[in-house]
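Down below is the structure, laid out as structure tokens.
Fair warning: this is a prediction, and the values are worked out from it, not measured in the lab.
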Amino acid sequence: MRYDAHFAVTEAPAQPIRRRRWVRWALAFGTIWPVAAALAVTVARTEPDWGLVTLTFLNIINAFGLSPFARTPLFLPGRGQYDEFEAAALGVATARAHALIALLLICLTLAAAWAGAAGSPVAVMPKTWLLWAMALAALFTTLPALFAEISIPLPEQERDA
């Protein structure tokens with residue numbers, strides 16, 4: 001506090017975040033289809049074409065343009081645009097998303113280990129593994145934003161409550 005009894009403003013107040021209802025559905029679709037495509041290619045025992053790999057790569061940046069919760073991660077200086085509740089909810093959503101992805105990785109690894117012995121399809125071609133890597137990278141970028149969009153109510157829902 002200064003001596004003239006005026007408080008110095010150290011941080012600008014949080015700006016309202018413009019959110020749209022359809023973003024939740026777009027993020028859900030962007031979360032599900034890369035894994036479904038990689039699973040379909042693996043089960044069909046075919047090699048994916050470069051178009052599918054490129055489309056899956058472009059899906060990695062899907063959340064960054066859609067959700068305001070994916071535009072500035074918690075560890076960057078832009079974190080100040082979230083209020084306390086939104087920052088806390090985004091942290092919880094990110095932790096839950098990463099726990100779910102870790103569980104998915106464990107399940108996929110066990111399935112791949114047992115599938116070879118059982119004669120079930122396993123990803124053996126390099127492009128199939130690349131497709132799986134792109135699908136998991138898309139999950140890491142899209143799932144935390146999806147969980148944050150679901151856990152934080154839209155402004156009109158707050159007003160109606």
field: Side chain to side chain, Pro144 and His98, heavy atoms closer than 4.5 Å
entry: yes

- request: Identify, with sequence neighbours excluded, every residue that meets side-chain contact (heavy atoms from CB on, under 4.5 Å) alongside Leu52.
  value: Trp33, Ala37, Val41, Pro48, Asp49, Thr56, Leu131

- prompt: Closest heavy-atom contact between Gly119 and Arg45?
  reply: O-NH2, 3.0 Å

- prompt: Can you find a heavy atom in the side chain of Leu104 that is under 4.5 Å from one in the side chain of Leu136?
  reply: yes

message: To the closest 0.5 Å, what do you measure between CG (Leu27) and CG (Leu143)?
response: 9.5 Å

- request: Tell me whether Trp114 is reachable from Leu108 by hopping between hydrophobic residues (I, L, V, M, F, W, Y) whose side-chain heavy atoms are closer than 4.5 Å.
  value: no

field: Rounded distance [0.5 Å steps], CD1 in Ile101 versus CD1 in Ile106
entry: 12.5 Å

query: For the atom pair CG (Leu146) and CZ (Arg96), what is the distance rounded to the nearest 0.5 Å?
result: 13.0 Å

task: Output every pair passing side chain to side chain donor-acceptor pair (under 3.5 Å) with a member in residues 118-139, not counting sequence neighbours, ordered by first then second residue.
output: Thr42-Trp132

query: Are Leu139 and Trp25 connected in the hydrophobic side-chain network, where two residues link if heavy atoms are under 4.5 Å apart?
result: no

task: Without swapping roles, check the side chain of Asn59 against the backbone of Ala138 for a donor-acceptor pair under 3.5 Å.
output: no

statement: ring pair (Phe, Tyr, Trp, His ring centres under 6.0 Å) pairs touching residues 39-62, sequence neighbours excluded, are none

message: Quick check for you: to the nearest 0.5 Å, what is the distance between Met125 atom CE and Thr46 atom OG1?
response: 6.5 Å

- request: Look up atom OG1 in Thr142 and atom CD in Glu149, then write down how far apart they are to the nearest 0.5 Å.
  value: 12.0 Å

- prompt: So do Leu100 and Phe147 actually touch side chain to side chain, heavy atoms under 4.5 Å?
  reply: yes

